[in-house]
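One structure is given below, encoded as structure tokens.
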Amino acid sequence: MIAPKPRYLARALDDRVFSGVAAATLLAFAVVALWPGLSGYRVNIIGQLACFALLAVALDLIWGYAGILSLGHGLFFAIGGYVAGMHLLEQSVATTGVTPDIVQFMGWTALPAWWAPLGSFPVALLAAVAASFAASFAFGWVSFRSRVGGVYFAIITQALVYVAMLLMFRNDTGFGGNNGMTGFQTIFGVPFQSPGVATGLALASLGALGVTLIGCRLLMVGRFGRLLVATRDDETRLRSLGYETLRLKLAVWCLSAVIAAIAGLLYVPQVGIINPRVLSPELSLEIAVWCAIGGRGRLAGAVIGAVLVNAIKFSLSATLPELWPFVLSGLVILVALIFPNGLLDIGRWRPALLSRPGALRPQDAAS
């Protein structure tokens, strides 16, 4: 594999905010790996935050750079989560021989035979990637070929995830219905209660986030990223110049879906359950809120928004859970009125200029 040119790498790292977020991810990885005094609860929270950040990066690729708002990314997150659930149940049965609860409340005698190959992690990973790619490709091909965009695309994606939620609530779909999948006993043959399991999962999540961040940044500062921004700004003109925008949008859409599925695959082992509630439209809306609050079109902004919002949510859920909806609404209003490009605008905010039109100018997503 040919290494990127130094000038190309310099362009990828010339964004100080991105470099700071990448460094913070590396620091979090080092802290989790090397600090023995870190409690299992905090390690688990860090791992979950990394998964949410990865999910936000997935949406930022399609919304921030291509200008296509998806309100259904929870579907791909759930695909990865359900594959992880099937893998963990197969592993648990093979290791402990204990029949999981899903077999009893579904009225089965054993786990479905077609789940058996998913007991292998490489097969499960491949299945999550393939299923999310196939679903996104089919939906994206029909939508983009029909030139569905804007608010219509957002509405259709939200309808899609809502239909998927209603479908998964049914017991006859064979995925646990309302109860979903839980009772995971082992991972890679090691009991979940064993020391180091939570740490390993958090490190895997942070590692996936770091690799995805750097890989997507390198992709976006290149020709592909510039063409995506051009598609967002003036797709008609780009088509008139001879570019096939359908392939561009389909490629980034499928890439975004696969990243979201990997986030779900990493998330489920850390929370110990997957059920249809992960397909609720509220989650898909929250993902968009994370990107909007952090600042879309910069990758780093998506990570900042996801970590900040969910850190506040975790904190309030333990003390004042009823206050959380009001805090989230306040953050959205604050961003919409004062920081239209998210919290990345803070460095350029000047109170004295707020009364002047154009005081806060959106920054090009390609910067």
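Here, residue 1 is the first one in the sequence, and each next residue gets the next number.
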Exercise. Please state whether the rings of Trp253 and Phe139 are parallel, tilted or perpendicular, taking 30° and 60° as the class boundaries.
Key: tilted
Quiz item: For the atom pair CG (Leu201) and CG (Leu206), what is the distance rounded to the nearest 0.5 Å?
Solution: 11.0 Å
Quiz prompt | For the student: nearest non-hydrogen atoms of Lys249 and Ile68, plus distance | solution = CD-CD1, 3.5 Å
Exercise. Decide whether Leu54 and Val43 are clustered together by the hydrophobic rule: side chain heavy atoms of Ile, Leu, Val, Met, Phe, Trp, Tyr closer than 4.5 Å, transitively.
Key: no
Quiz item: Does the side chain of Ser92 reach to within under 4.5 Å of the side chain of Val98, using non-hydrogen atoms?
Solution: no
Practice problem: Determine whether Leu126 and Leu88 fall in the same hydrophobic cluster, where Ile, Leu, Val, Met, Phe, Trp and Tyr are linked whenever their side-chain heavy atoms lie under 4.5 Å apart. | Solution: no
Exercise. Given ring-ring contact (aromatic ring centres under 6.0 Å, His included), test Phe153 with Trp63 step by step and report yes or no.
Key: CA-CA 11 Å; Phe153 186 86; Trp63 186 25; over 10 Å; no
Exercise. Answer yes or no: is there a side-chain heavy-atom contact under 4.5 Å between Ile273 and Met181?
Key: no
Exercise. Check each of Tyr82, Phe121, Trp115 against His87 using the side chain to side chain contact (heavy atoms under 4.5 Å, CB included) test, and report the only one that passes.
Key: Phe121
Quiz item: With no hydrogens and no angle check, is any side-chain donor or acceptor of Gln158 less than 3.5 Å from a backbone partner on Gly72?
Solution: no
Quiz prompt | Step-by-step side chain to side chain contact (heavy atoms under 4.5 Å, CB included) determination, Ile62 to Leu69 | solution = CA-CA 7 Å; Ile62 189 71; Leu69 174 59; over 6 Å; no
Quiz item: Is the shortest heavy-atom distance from the side chain of Trp324 to the side chain of Ile312 under 4.5 Å?
Solution: yes
Self-check item: Thr182 side-chain N/O to Gly272 backbone N/O, donor-acceptor pair under 3.5 Å
Solution: yes
Practice problem: Could you tell me whether the side chain of Val93 reaches within less than 4.5 Å of the side chain of Thr99, counting heavy atoms only? | Solution: no
Exercise. Quick one: pull up CZ in Arg237 and CD in Glu235 and give me the separation to the nearest 0.5 Å.
Key: 14.0 Å
Quiz item: Applying the 4.5 Å side-chain criterion to the ILVMFWY set and letting contacts propagate, would Ile293 and Leu337 be lumped into a single cluster?
Solution: yes
Quiz item: Can you tell me how far CG of Leu238 sits from CG of Asp233, rounded to the nearest 0.5 angstrom?
Solution: 10.0 Å
Quiz prompt | Spacing of Thr199 atom OG1 and Trp35 atom CH2 [to the nearest 0.5 Å] | solution = 12.5 Å
Quiz item: How long is the span from the CD1 atom in Ile287 to the CG atom in Leu59, to the nearest 0.5 Å?
Solution: 6.5 Å
Quiz item: Does a sphere of radius 6.0 Å around OH in Tyr162 hold more than 12 heavy atoms from other residues, nucleotides or ligands, not counting ones at 6.0 Å or beyond?
Solution: no
Quiz item: Do Asn178 and Asn275 have side chains that get closer than 4.5 Å, going by heavy atoms?
Solution: no
Self-check item: Leu299 vs Leu213, side chain to side chain contact (heavy atoms under 4.5 Å, CB included): CA-CA, chis, key distance, verdict
Solution: CA-CA 7 Å; Leu299 295 179; Leu213 264 178; 4.1 Å; yes
Self-check item: Any donor-acceptor N/O pair, Thr173 side chain to Arg170 backbone, under 3.5 Å
Solution: yes
Exercise. Could you pull out the closest heavy-atom pair between Ile79 and Ala128, with the gap in Å?
Key: CG2-O, 4.2 Å
Quiz item: Is a donor on one side and an acceptor on the other found under 3.5 Å between the side chain of Ser136 and the backbone of Phe133?
Solution: yes
Quiz prompt | Over 12 non-hydrogen atoms of neighbours within 6.0 angstrom of CH2 in Trp108 | solution = yes
Quiz item: Are more than 12 heavy atoms from other residues, nucleotides or ligands located less than 6.0 Å from atom CZ of Phe314?
Solution: yes
Quiz prompt | Nearest-0.5 Å distance that lies between atom CG in Leu26 and atom CD1 in Ile214 | solution = 8.5 Å
Quiz item: Is Ser194 reaching over with its side chain to a backbone N or O of Pro191, donor-acceptor style, under 3.5 angstrom?
Solution: yes
Exercise. Search all heavy atoms of Phe18 against all heavy atoms of Arg298 and return the closest pair with its distance.
Key: CD1-O, 4.5 Å
Exercise. Report the C-alpha separation of Ile262 and Tyr267 in whole Å, then their side-chain angles, then the decisive distance to 0.1 Å, and conclude whether the side chain to side chain contact (heavy atoms under 4.5 Å, CB included) test is met.
Key: CA-CA 9 Å; Ile262 292 174; Tyr267 175 75; over 6 Å; no
Quiz prompt | Minimum heavy-atom distance between Pro269 and Leu265, given as atom pair plus value | solution = CD-O, 3.1 Å
Quiz item: Shared ILVMFWY cluster between Leu209 and Ile46, side chains joined below 4.5 angstrom?
Solution: no
Self-check item: Heavy-atom pair of closest approach, residues Leu250 and Trp141
Solution: CD1-N, 3.5 Å
Quiz prompt | Neighbour count above 12 (heavy atom, 6.0 Å) for Tyr243 OH | solution = no
Quiz item: Taking C-beta and beyond as the side chain, do Gln185 and Thr95 meet within less than 4.5 Å on heavy atoms?
Solution: no
Quiz prompt | Arg42 vs Val32 side-chain heavy atoms within contact, under 4.5 Å | solution = no
Self-check item: Atom CZ of Arg239: over 12 foreign heavy atoms under 6.0 Å
Solution: yes
Exercise. Decide if atom CZ of Phe105 counts as having more than 12 heavy atoms of other residues, nucleotides or ligands within a radius under 6.0 Å.
Key: yes
Quiz item: Between Leu111 and Ile102, what is the shortest heavy-atom contact and its length?
Solution: CD2-CG2, 4.0 Å
Quiz item: Are Arg277 and Glu282 ion-paired here, with the side-chain N under 4.0 Å from a carboxylate O?
Solution: no
Self-check item: No-hydrogen, no-angle side-chain donor-acceptor test under 3.5 Å, Ser205 and Gln270
Solution: yes
Quiz item: Do Asn310 and Gln48 have side chains that get closer than 4.5 Å, going by heavy atoms?
Solution: no
Exercise. Establish whether Val307 and Val271 are linked, either directly or via other cluster members, by ILVMFWY side-chain heavy-atom contacts under 4.5 Å.
Key: yes
Self-check item: Single hit among Val252, Leu248, Thr245 for side chain to side chain contact (heavy atoms under 4.5 Å, CB included) with Leu227
Solution: Leu248
Self-check item: side chain to side chain contact (heavy atoms under 4.5 Å, CB included) between Ser70 and His73, intermediate numbers included
Solution: CA-CA 6 Å; Ser70 166; His73 257 48; 3.0 Å; yes
